[in-house]
Number of protein chains: 2
Amino acid sequence: MNIQQLGRHILVEMYNCDKEILNNHKLIEGYMNEAAEKSGATIVQSVFHMFNPWGVSGAVIIQESHLTIHTWPEYGYAAIDLFTCGDSVDPWIGLDYLKTMLKSNKIEIKDIIRGETSKIRYFSNERFQNMHFKPINLEENND
Amino acid sequence: MNIQQLGRHILVEMYNCDKEILNNHKLIEGYMNEAAEKSGATIVQSVFHMFNPWGVSGAVIIQESHLTIHTWPEYGYAAIDLFTCGDSVDPWIGLDYLKTMLKSNKIEIKDIIRGETSKIRYFSNERFQNMHFKPINLEENND
């Protein structure tokens, strides 16, 4: 069976990470951007913030959707999302990289279908033909 | 039964939205920011991009985690995430607002536990006491 979907969304619970790394927003931003690139994604913009007394939150917007992270250094825990679309990106490579860099010894993963094309067709009044993924010849346009 | 979790992550498949709205990144950014505020979240930063030939991607980083959206105007479909932590935010209010503004007549929801405290304890070598949510007396610090 081959389910056609517009996006794939991998939700990762990352336990027992290095606490100092989880609290360093420069490192985390660098790792998240590197993870996007290693996955084959094209980075559009990256925004990261550090909170007092602890924790980093950030998102990397990619042409193929996004990566996000929220860290709880005090518990060694990070919630990571890798949302991608298209066949040119392999989020598992980015995930492997992040697991290594954050020094986690235990992760849990949910792999969620986003935009299942059969459902989009079913719930719509239109008859879409040849539904396709983004990006197709993407050119950024921020006008 | 009361499951304690650091974050709540609501994944929304929004079908049959207004196609013109889905392709207007100024409107989408405004709606997403308004959804965050209506939910009781504190906005840290908002980043939105429009892609050629179509589609909007964006994230609103909030002190309590994030909201994201990716739209496929041609199919009337949007993938929306509302990731919140703490008890002061009610993401369902934001979701209701977005459903109305995007004129969707059909949504599907997954409500995912992020950072279940019993698992964090189980997988850790430490004995965490009184695990708590963020934010607590949050002050933004972007040094």
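Just so it is clear: chains get the letters A, B, ... in the order the sequence lines come, proteins before strands, and each one is counted from 1.
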Please identify each residue that fulfils side-chain hydrogen bond (donor to acceptor under 3.5 Å, both in side chains) with Lys19(A), with sequence neighbours left out. Glu126(B)

Check each atom of Ile113(A) against the heavy atoms of chain B and say whether the ones under 4.5 Å are side chain, backbone, both or neither. backbone

Please flag which part of Phe123(A) lies under 4.5 Å from any non-hydrogen atom of chain B: side chain, backbone, both or neither. both

Can you name the nearest heavy-atom pair linking Thr71(A) to Ile28(A), along with the distance? CG2-CD1, 4.4 Å

In Å, rounded to the nearest 0.5 Å, how long is the span from CZ of Phe83(B) to NE2 of His66(B)? 6.5 Å

Toward chain B, the part of Ile120(A) with a non-hydrogen atom under 4.5 Å: both

His9(B)/Asp81(B) under side-chain hydrogen bond (donor to acceptor under 3.5 Å, both in side chains): CA gap, chis, key distance, verdict: CA-CA 7 Å; His9(B) 193 166; Asp81(B) 284 31; 2.8 Å; yes

Counterpart residues, salt bridge (Lys or Arg N to Asp or Glu O under 4.0 Å), relative to Glu37(B) (two or more places apart): none

For residues Gly40(A) and Glu64(A), report the shortest heavy-atom separation together with the two atoms involved. O-OE2, 4.2 Å

On a heavy-atom basis, the closest approach of Ile93(B) and Lys38(B) is CG2-O, 3.6 Å

Would you please go through residues 11-18 of chain A and name the residues with a non-hydrogen atom below 4.5 Å from one of chain B, in numerical order? Leu11(A), Val12(A), Glu13(A), Tyr15(A), Asn16(A)

Smallest separation among heavy atoms of Gly55(B) and Asn23(B), with atom names: N-OD1, 3.0 Å

Any residues in residues 102-112 of chain B near chain A, with a heavy-atom distance under 4.5 Å, and which are they? Lys106(B), Glu108(B), Lys110(B), Ile112(B)

Parallel, tilted or perpendicular: rings of Trp72(B) and Tyr77(B) (30°, 60°): tilted

Close side-chain approach of Met32(B) to Ser46(B), heavy-atom, < 4.5 Å: no

Smallest heavy-atom separation, Ala35(B) atom then Leu98(B) atom, equals CB-CG, 3.7 Å

With chain A, the option among Ala59(B), Ser65(B), Ala79(B), Ser124(B) that has the most non-hydrogen atom pairs under 4.5 Å is Ser65(B)

